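Notes follow once the structure below has been shown.
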Amino acid sequence: MSKPRTSADLDVYVGSVRCFEWFWSANGEMPSLDVFEDLDSGGKAAIMAVFEHWGDLELGKRVSETRINEEHDDPKILAAKAGKHRFSMFHAGNNVWIVCRYYEKQKQKLDKVGKAAIKLTIDDKKDYEKRLAAGEYYERN
């Protein structure tokens, strides 16, 4: 069961170039943060290293495909990768990425668990855009 969250829980990592935020669902939950908090310390450190690397990578430089993978092209959904751990995300503008869903990579190709997580991420993006347009998502400074 997810726990209710506040704006104090939003930031994943604020880098010098990009920042990453947990997706905040309409019911006040942050599903990927719940999973992140349950990872062991090695898993947490590995995935945070990905966000830190990409968050501080200069614009115009390509991030390594061993750290970030494009999982869907329209809309663009990326996954932060660390070992078997994957966190899907979408671009929210202004170098902000919203981290939505977690899944474990089991095979070389995206399996049905990964595909389901990507579909949920696409749904989260639509929900985010709808709530943002209606003024129901928080205002970013």
Side-chain angles (χ1 to χ4, degrees), residues 1-59 61-141:
M1 172 116 177
S2 295
K3 62 183 181 180
R5 300 296 184 159
T6 69
S7 59
D9 298 314
L10 273 170
D11 289 336
V12 177
Y13 179 73
V14 178
S16 59
V17 178
R18 291 169 196 82
C19 68
F20 305 91
E21 298 176 356
W22 301 112
F23 174 71
W24 200 355
S25 68
N27 64 359
E29 298 173 349
M30 294 178 184
S32 54
L33 175 55
D34 292 332
V35 174
F36 177 80
E37 290 177 340
D38 287 340
L39 292 178
D40 64 28
S41 59
K44 286 179 186 175
I47 203 69
M48 285 308 296
V50 172
F51 290 123
E52 291 167 7
H53 169 75
W54 195 30
D56 295 327
L57 188 68
E58 295 175 31
L59 290 176
K61 292 200 174 189
R62 273 187 87 97
V63 67
S64 169
E65 288 183 11
T66 62
R67 294 178 182 235
I68 300 292
N69 195 50
E70 183 176 309
E71 299 289 19
H72 196 272
D73 63 348
D74 189 20
K76 185 177 291 292
I77 304 296
L78 304 180
K81 309 178 339 182
K84 65 182 179 179
H85 304 296
R86 302 288 188 273
F87 283 88
S88 62
M89 64 189 131
F90 64 85
H91 187 231
N94 297 329
N95 293 317
V96 175
W97 290 83
I98 307 294
V99 181
C100 297
R101 300 292 171 160
Y102 171 83
Y103 61 100
E104 285 187 18
K105 185 76 175 232
Q106 302 295 330
K107 300 177 182 176
Q108 186 69 18
K109 293 189 114 185
L110 194 61
D111 62 13
K112 64 182 175 182
V113 172
K115 287 179 182 177
I118 299 308
K119 182 186 180 319
L120 288 171
T121 303
I122 293 168
D123 292 344
D124 290 344
K125 183 178 189 310
K126 290 175 187 173
D127 176 60
Y128 166 84
E129 290 170 345
K130 178 182 172 188
R131 289 190 294 137
L132 190 66
E136 297 169 358
Y137 207 82
Y138 81 97
E139 288 294 323
R140 191 178 299 116
N141 294 334

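Quick caveat: nothing in here was measured; it's all calculated off a predicted structure.
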Hey, is the main chain of [Y] close enough, under 3.5 Å, to the side chain of [X] for a donor-acceptor pair?
X: Ser88; Y: Ile118; answer: no
X: Asp38; Y: Val35; answer: no
X: Tyr137; Y: Trp24; answer: yes
X: Arg18; Y: Leu57; answer: yes
X: Asp56; Y: Ser16; answer: yes

Problem set entry | CD (Glu136) with more than 12 external heavy atoms under 6.0 Å | yes
Exercise. Got more than 12 heavy atoms from elsewhere within 6.0 Å of CD, Glu70?
Worked result: yes
Separation between [atom1] of [X] and [atom2] of [Y], rounded to the nearest 0.5 Å:
X: Met30; Y: Glu37; atom1: CE; atom2: CD; answer: 10.0 Å
X: Glu21; Y: Ile98; atom1: CD; atom2: CD1; answer: 4.5 Å
X: Leu39; Y: Ile47; atom1: CG; atom2: CD1; answer: 8.0 Å
X: His53; Y: Thr66; atom1: NE2; atom2: OG1; answer: 7.5 Å
X: Met89; Y: Lys125; atom1: CE; atom2: NZ; answer: 14.0 Å
X: Ile68; Y: Trp97; atom1: CD1; atom2: CH2; answer: 8.5 Å

Locate the shortest heavy-atom distance separating [X] from [Y]; write the atom from each residue and the value.
X: His72; Y: Asp74; answer: CE1-O, 2.8 Å
X: Tyr103; Y: Ala79; answer: OH-CB, 3.7 Å
X: Tyr13; Y: Gly55; answer: CE2-CA, 4.2 Å
X: Thr121; Y: Arg101; answer: OG1-CG, 3.5 Å

Problem set entry | Within residues 78-92 or reaching into it, pairs that qualify as salt bridge (charged side-chain N to carboxylate O under 4.0 Å, His left out) - sequence neighbours excluded | Lys84-Glu104
Exercise. Applying side chain to side chain donor-acceptor pair (under 3.5 Å), which residue pairs with at least one partner in residues 40-52 are found, sequence neighbours left out?
Worked result: none
Exercise. Taking only residues two or more places apart in sequence, or in another chain, which ones meet Phe51 in a ring pair (Phe, Tyr, Trp, His ring centres under 6.0 Å)?
Worked result: Phe20
Exercise. Once the angle between the rings of Phe87 and Phe36 is folded into 0 to 90°, is it parallel (under 30°), tilted (30 to 60°) or perpendicular (over 60°)?
Worked result: perpendicular
For this session: Would you check if Asp124 and Asp127 make a side-chain contact, meaning some heavy-atom pair closer than 4.5 Å?
Result: no
